[in-house]
Amino acid sequence: MKVSYAHMGTSVMAVNALARTLDYEIVPPTPPTESTLTLGVRHSPEFACIPFKIVLGTYIESLERGARLLVSGGGRGPCRAGYYGEMHRRILLDLGYEHEMLFFWPPLRSPLDFYRKLRTFKGAASWPRVYRALRLTWEKLMALDDLEIRSHRVRPLERCPGDTTRAFRRALGLVDAAETVEETKKARSGGLELLDSVPVYTGDPDDLVKIGVIGEIYVQLEPFANFRLEERLGELGAWVQRSIFLTNFARTDILQRGDQGVAKTAAPYLPENVGGHGQSSVGEIIQYAERGFDGVIQLAPFACIPEIVAKSIVPRLSREYNIPVMTLFIDEQTGEGGIQTRLEAFVDLLRARRRGRKDVDDAALSGS
Amino acid sequence: MRDAVIGIPRYLSYYSFAPLYETFFRELGFQVRLSPPSNTDILDAGVRETVNDACIPIKIFHGHVAAIKDRVDFLFVPRLAGAKMHYTVCPKFLGLPDMVRGSISDLPDIIAPRLPMGRDGLQGLRSLYRTGVRLTGRRVQAMRALHNARRALGRRINQIQQGGLEALGFDQPRDADLTVALIGYPYMLYDTLASGGILGQLRALGVRVVTPEMVSTREMRRHARAYPENLFWYYSNRSLWAGMHYMTSGLADGIIHVTAFGCGPDAMVNKLLELESARYGAPFMAITVDEHTGDVGLRTRVEAFVDMLRWQAARKEGLT
């Protein structure tokens, strides 16, 4: 049976490897485009969030290309995403697509259900083989995350705009081509070298404007959904740090009940897990502020309930921790030009603040 | 503490649990002050104060808070939460006290007990009891207040299930030829501002109305079991199950889903109801209310729907 799944940033390479190792014939999801979004929007409820719409569009495209089994997953929390599998299935059936949907819940919250679905998914493959496949997937995810983190550091210093992005794409190609754990490790170091060989300005990295990115996972990870936010910020000369990477997400949110440290930090402002990444967003603003970041960008899909709850607390946090926070709610109407303008203005603002603060510090040091 | 004034915003969960809240605080010796019924001033204040991406009900709630915050000693903003692993409520109910604190300044003391919701409604009110003890220091009195409050709520629920809309203070036309099931959350259906006055319009058209509050717990459970994968949110589940009940039982000629602009869970509920109504051949209309919804536009749509139902009924009669 031909299998397909949602497209979420670079992670799709790791998932492709997983399915291929388990002897599935795969229909690799193509990166979403405008027409994917249009398809999704046409068949989705109006107030479903943008990840729902993009993923539905991706599913339709994959089904058109012959996929018959769709694999996805979600939590059972207050966020709507946990019900998306069932909604997608019904909408696709209503559209006349014959398919099966395998929707995974977090393993520790419903272990039996998880085991049953895993057994269905593994098919004839032996358990040791499943282990090897998972091992390779994990290795790839780690390599992808490392490359991405490095690209965030190199990009703001690059001499020639676009160099880092080109090197990053080549590095991704290396990881994608790797077929074993050893090869993946080699691809990772090769990719890091590629990124390190990008010609850069020398200077103190501490002088860069530092921006933390927080918010909902899909719009953080899928460059199509966030208009390649990190690339844009990097090219504006800002060092970006993102709150969610799949490897740490897998550790804290899939295998545990979220990052308890962040939850504790957020508690005075939001003591309740409101689903999705709402509580994390609140905690992470505080953490970024305490680590001396210049500003924070909250990324969320339009109508994302957990992030709306977080956003209503943002003004208070911004005031009390003295850190600028800009919220970008993204929907199908969001335009590239609007995003670019807002990002430029935000980076300018942070630079001006930084200069202002430095002047104050200098004045204090010289005793005047 | 005695004679202190406790303010209860007349919105959201108040529409489900009014007798519980009011009885509890009265029996503890507080003076209970409700915010005025929703009006355009409240809506305007809410739109001004609330984070702009929030749904209309959350904005209206903020408006109610703004309307009474300066005239009370305490403000009651309960935090509704899921009782068990597989039940929860919309994140905005979970974070309601925090949203209010983040958005409105100069607030009185906020009392925000965590009320757990299960499949059938409130489950366990220990936090309410503890709130009572904390406020008065009297355990026995708090226990008694809670007991009476719970009974008052039970009586009310029974009244509504047996007496229908009349028990909620809405008249029904005497000899109605049509019954429409109005599906939606209590704070959407029974709040004249939020619903755009749809109940009154249906009455003027001579239509009898039934709502989710008239579906017995047993019926709700039956549909909960029949549905393969339950939704997670308490209120949304009730809407869906009640909708299924009226579609399958023949107790209603048509279904109108009243939903708020920007309501996240309803995006799911509405699509599910739409798919189910197609399957059962039940006439179905969705009405989305926002701060700009006009009386006339709404009336036109309701009239058209009712006309269609009457025309269909006449045609059926002609055929037999």
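To find a chain, count down the sequence lines: A is the first, B the second, and so on, and within it residues start at 1. Quick note: numbers below take in every heavy atom, side chains included, and nothing from hydrogens, waters or symmetry partners.
Among the candidates B/Ser105, B/Gly264, B/Cys55, the residue making the largest number of heavy-atom pairs closer than 4.5 Å to chain A is B/Gly264. Comparing A/Leu93, A/Leu270, A/Val309 by heavy-atom pairs within less than 4.5 Å of chain B, the highest count is held by A/Val309. Contacts with chain B were tallied for A/Gly275, A/Gly278, A/Pro271; A/Pro271 has the most, counting heavy-atom pairs under 4.5 Å. The residue among A/Arg316, A/Lys311, A/Glu272 with the most heavy atom pairs within less than 4.5 Å of chain B is A/Glu272. Chain B forms more heavy-atom pairs under 4.5 Å with one residue of A/Gln279, A/Met87, A/Glu307 than with any other, namely A/Met87.
Between B/Tyr187 and B/Tyr185, the ring planes lie tilted relative to each other; the angle falls in the 30° to 60° range. In this pair, B/Tyr21 and B/Tyr14 present their aromatic rings tilted. The plane angle is within the 30 to 60° band. Ring geometry for A/Phe121 against A/Phe104 counts as perpendicular: the plane angle is over 60°, on a 0 to 90° scale with 30° as the lower cut.
Checked by atom type, the side-chain pair A/Ser281/A/Gln298 shows no donor-acceptor distance below 3.5 Å. For the residue pair B/His64 and B/Ser38, a side-chain donor N or O sits within less than 3.5 Å of a side-chain acceptor on the partner.
Interface remark: A/Tyr269 contributes backbone atoms only to the contact with chain B (heavy atom separation under 4.5 Å). With a threshold of 4.5 angstrom between heavy atoms, B/Arg279 does not approach chain A through any atom at all. The contact between B/Val89 and chain A is made entirely by backbone atoms, counting heavy-atom distances below 4.5 Å. In this structure, the portion of B/Glu276 lying under 4.5 Å from any heavy atom of chain A is its side chain and not its backbone. Using a 4.5 Å cut-off between heavy atoms, B/Cys263 contacts chain A through its backbone alone, with no side-chain atom that close. Looking at B/Asn270, there are no atoms closer than 4.5 Å to chain A (heavy atoms on both sides), in backbone or side chain.
More than 12 heavy atoms of other residues, nucleotides or ligands sit less than 6.0 Å from atom CD of A/Glu320.
For residues 42-50 of chain A, the interface with chain B (any heavy-atom pair closer than 4.5 Å) comprises A/His43, A/Pro45, A/Phe47, A/Ala48, sorted by residue number.
One finds no salt bridge joining A/Arg90 and A/Asp94 here, because no Lys/Arg side-chain nitrogen approaches an Asp/Glu carboxylate oxygen to under 4.0 Å.
The ring of B/Tyr235 has its center closer than 6.0 angstrom to the ring center of B/Phe93.
The nearest pair of heavy atoms linking A/Leu37 to A/Ile54 is CD1-CG1, 3.8 Å.
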task: Determine, stepwise, if the pair B/Met268 / B/Trp233 fulfils side-chain contact (heavy atoms from CB on, under 4.5 Å).
output: CA-CA 11 Å; B/Met268 308 281 114; B/Trp233 314 280; 4.1 Å; yes
task: Would you please test B/Tyr11 and B/Phe61 for ring-ring contact (aromatic ring centres under 6.0 Å, His included) and show each step?
output: CA-CA 6 Å; B/Tyr11 202 59; B/Phe61 187 85; 7.1 Å; no
